[in-house]
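Basis for what follows: all heavy atoms, side chains included, without hydrogens, waters or symmetry-related copies.
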Amino acid sequence: MRSAPTILHLDMDAFFAAAEQASKPSLRGKPVIVGGLGPRGVVATASYEARRFGVHSAMPMGQARRLAPNAAYLVPRFAFYRSISEQVMELLGRLSPLVEPLSLDEAFVDLEAGGVADDSGSARAAGERLRVDILATTGLTGSVGLAGSKMIAKIASEEAKPDGLVLIEPGTERELLGPRSVRILPGVGPATGEHLRRAGMTTVTDLAEAGEDELVRLLGRAHGASLYRMAQGYDDRPVVAERDAKSVSVEDTFDVDLHDRVRIRTEVERLAERCVGRLRGSGHSGRTIVLKVRRYDFSTLTRSETLRGPTDDPVVVREAAGRLLEAVDTTGGVRLLGVGVSGLADYTQEDLFAQAAEAESAPAVGEAVAPAEASAPEPEAPGPLERHWAPGHDVRHAVYGAGWVQGSGVGRVTVRFEEPGSEPGRVRTFAVDDPELEPGEPLPLVGGGE
């Protein structure tokens, strides 16, 4: 633990959705939801306007559509997000050689190692400069937390959202954490939280008062001891540069062993969805699907299947995990399940949200497809080589210039022509195979324009 708040945590605000709003003037101030638009798609990011309707990341897209039927539903553009992330990480690298990226939009920075801060005043000044630089460079906002440890800095950045800075003075950690839910601590998920609740512990103060021996009895040596230290506000994890993930995985421990084969299969499918959400958040796809099963007798089995190529498709991961489960005997009961993806690779355009390649017949922005303002004959029947236009993706027209796909279906594609620095643009509709309409490249959010 440090005596000065020189560990910084940056979290970009609703990153994917904010990037879409910045690049599409007609969506600013409106609910925007980014994710897989197929029937099994999940929400990757929801704008703050969409969150007011109860939409949040990892929610099934069908549920999001019921909560916010008039929101803009867009397919992610990961190459675009990655280019913005690289700009942000470059700014962080100017502050310190110790930058620990957690995902495209989140990172820890050791300000002390960079020599830019050694007390509260200099740390706050560095954080404020960073926020100004990010806005000037990318046109987007980020929230900053400053503290003497990684755990508290992350809590601080969450409190700072959106577009703020919160500094928590070292020495005040226990006072800050005490009344909070146990779920605020790293490593306390739904299952552990429920286990603690049944033991009468709902706040961090409850954990601290229970003592280390009791937590070890309930949770095991490693987890119990670690949780007790965190409940005291103690976290000495260093900021580690060049974190290179070799795999992405999620797992759940169940308070009561699972025996129902259908329930076990359902939990594996749910874990696969969560794993893919984390995989996409890290900007990767992977080739090897891994299933972990801890049985009633604490024996742990691991099974894996390697695919022909990398994927981030939840259907592919879910089905592979299901096949692996079929080869595992769960007769005596299961106490832990996990799903992971290894053999990671950077996203390729063909990998991204593969389920979004399913035809989308509904308008993308919660409104009817506008009448054609540029007349074009409707094709008699879409042929097998009909081009697919993903909602939210960039296009360029030979006459009207740059725009983005608002929706497509029944042989037509609706495009809104606007650029990051322009006023909200006009909507025009074309035949899907219009020779003057081509896929386009994202325009820069700052300093671009034509």
| Just wondering, do Gln87 and Ser83 contact through their side chains at under 4.5 Å, heavy atoms? | no
| request: Taking atom types as modelled, find out whether Arg294 and Thr300 have a side-chain donor-acceptor pair closer than 3.5 angstrom. | output: yes
| query | CG of Leu185 to OG of Ser226: how many Å apart, nearest 0.5 Å? | reply | 9.0 Å
| What residues, two or more places apart in sequence or in another chain, satisfy salt bridge (Lys or Arg N to Asp or Glu O under 4.0 Å) together with Asp213? | none
| message | On the six-membered ring of Tyr48, is Arg51 placed so that its NZ or CZ lies under 6.0 angstrom from the centre and within 45° of the ring axis? | response | yes
| field | Trace of the side chain to side chain donor-acceptor pair (under 3.5 Å) decision for Arg416 with Ser26 | value | CA-CA 9 Å; Arg416 188 179 289 273; Ser26 60; 3.3 Å; yes
| said: Does this structure show an ion pair linking Asp236 with Arg229, if we count only N-O contacts that are shorter than 4.0 Å? | reply: yes
| request: Would you check if Val182 and Thr203 make a side-chain contact, meaning some heavy-atom pair closer than 4.5 Å? | output: no
| query | Between Arg295 and Asp257, is there a salt bridge with N-O shorter than 4.0 Å? | reply | no
| request: Identify the two heavy atoms, one from Arg180 and one from Ile155, that lie closest to each other, and give their separation to 0.1 Å. | output: NH1-CG2, 4.2 Å
| task | Decide, yes or no, whether a salt bridge links Arg94 with Asp133 under the criterion of side-chain N to carboxylate O below 4.0 Å. | result | no
| said: Considering only residues two or more places apart or on different chains, which pairs with a residue in residues 13-23 satisfy side-chain hydrogen bond (donor to acceptor under 3.5 Å, both in side chains)? | reply: Asp13-Thr141, Asp13-Ser143, Asp13-Lys161, Glu20-Lys24, Glu20-Arg77, Glu20-Tyr81, Gln21-Glu49, Ser23-Arg77
| query | Which atom pair, heavy atoms only, marks the closest approach of Leu445 to Ala19? | reply | CD2-O, 4.2 Å
| query | Any idea which heavy atoms bring Pro420 and Pro444 closest together, and the distance? | reply | CG-O, 3.6 Å
| said: If the condition is side-chain contact (heavy atoms from CB on, under 4.5 Å), which residues does His223 pass it with, not counting sequence neighbours? | reply: Thr192, Leu219
| Closest contact, heavy atoms only, Thr253 versus Ala191 | O-CB, 2.7 Å
| said: Quick check: do Arg396 and Glu441 have side-chain heavy atoms less than 4.5 Å from each other? | reply: no
| query | Quick one: are Val42 and Met61 in side-chain contact, heavy atoms under 4.5 Å? | reply | no
| message | His9 vs Glu158, test: side chain to side chain donor-acceptor pair (under 3.5 Å). Steps then yes/no. | response | CA-CA 9 Å; His9 181 259; Glu158 188 62 32; over 6 Å; no
| Short question: side chain of Thr45, backbone of Ala17 - any donor-acceptor pair under 3.5 Å? | no
| said: Given 3.5 Å as the limit, does a donor-acceptor pair link the side chain of Ser181 with the main chain of Ile184, or not? | reply: no
| field | Side-chain touch Arg261/Leu325, heavy atoms, less than 4.5 angstrom | value | yes
| note | For Glu251, the side-chain contact (heavy atoms from CB on, under 4.5 Å) test, sequence neighbours excluded, returns Lys292, Leu336
| query | What are the two closest non-hydrogen atoms of Val317 and Ala272, and how far apart are they? | reply | CG1-CB, 4.0 Å
| query | Does Val32 offer a backbone N or O that forms a donor-acceptor pair with the side chain of Ser47 under 3.5 Å? | reply | yes
| Taking the six-membered ring where the residue is Trp, are the ring centres of Tyr234 and Tyr228 under 6.0 Å apart? | no
| message | Tell me whether Arg183 contacts the main-chain N or O of Val188 through its side chain, where contact means a donor paired with an acceptor under 3.5 Å. | response | yes
| task | Return yes if some donor-acceptor pair links the side-chain N/O of His393 with the main-chain N/O of Val405 below 3.5 Å, else return no. | result | no
| request: For the pair Arg270 and Asp252, find out whether any cationic side-chain nitrogen is under 4.0 Å from an anionic carboxylate oxygen. | output: yes
| said: Using salt bridge (charged side-chain N to carboxylate O under 4.0 Å, His left out), reason through Arg198 and Glu194 one step at a time and then give a plain yes or no. | reply: CA-CA 6 Å; Arg198 291 177 180 176; Glu194 177 61 17; 3.1 Å; yes
| note | Residues pairing under ring pair (Phe, Tyr, Trp, His ring centres under 6.0 Å) where one sits in residues 181-221, two or more places apart or in two chains, turn out to be none
| message | Any heavy-atom pair between the side chains of Leu10 and Ile134 that's under 4.5 Å? | response | yes
| remark: Heavy atoms of Leu146 and Ala123 approach each other most closely as CD1-O, 3.4 Å
| message | Tell me if the CZ atom of Arg2 is crowded by more than 12 foreign heavy atoms within 6.0 Å. | response | yes
| message | Test your reading of the model: is there a side-chain donor-acceptor pair from Glu100 to the backbone of Val240, 3.5 Å cut-off? | response | yes
| Is there a donor-acceptor pair under 3.5 Å between the side chain of Asp235 and the backbone N or O of Met151? | yes
| said: Could you go through Val109 and Ser96, starting from their C-alpha distance and side-chain angles, then the distance that decides it, and tell me whether this counts as side-chain contact (heavy atoms from CB on, under 4.5 Å)? | reply: CA-CA 7 Å; Val109 183; Ser96 173; 3.7 Å; yes
| query | Within 45 degrees of the axis of the six-membered ring of Tyr73 and under 6.0 Å from its centre: does Arg65 put its NZ or CZ there? | reply | yes
| field | Side-chain heavy-atom pair Leu111, Leu95 within 4.5 angstrom cut-off | value | yes
| task | Rounded to the nearest 0.5 Å, what's the gap from CG on Leu344 to CG on Asp312? Could you check? | result | 11.5 Å
| request: Inspect the surroundings of CD in Glu326 and state if more than 12 heavy atoms from other residues, nucleotides or ligands are less than 6.0 Å away. | output: yes
| query | Distance-only, no hydrogens or angles: does the Ser304 side chain make a donor-acceptor pair with backbone N or O of Val290 under 3.5 Å? | reply | no
| said: Is it true that Asp313 and Thr311 share a donor-acceptor pair across their side chains at a distance under 3.5 Å? | reply: no
| query | Does some side-chain heavy atom of Val415 sit less than 4.5 Å from a side-chain heavy atom of Leu437? | reply | yes
| Donor-acceptor contact below 3.5 Å, side chain Ser85 vs main chain Leu104 | yes
| query | Counting N and O atoms only, with roles assigned by atom type, does the side chain of Ser408 sit under 3.5 Å from a partner on the main chain of Trp389, one being a donor and the other an acceptor? | reply | yes
| message | Once ring-ring contact (aromatic ring centres under 6.0 Å, His included) is applied, do any residues pair with Phe15, and if so which ones, sequence neighbours excluded? | response | none
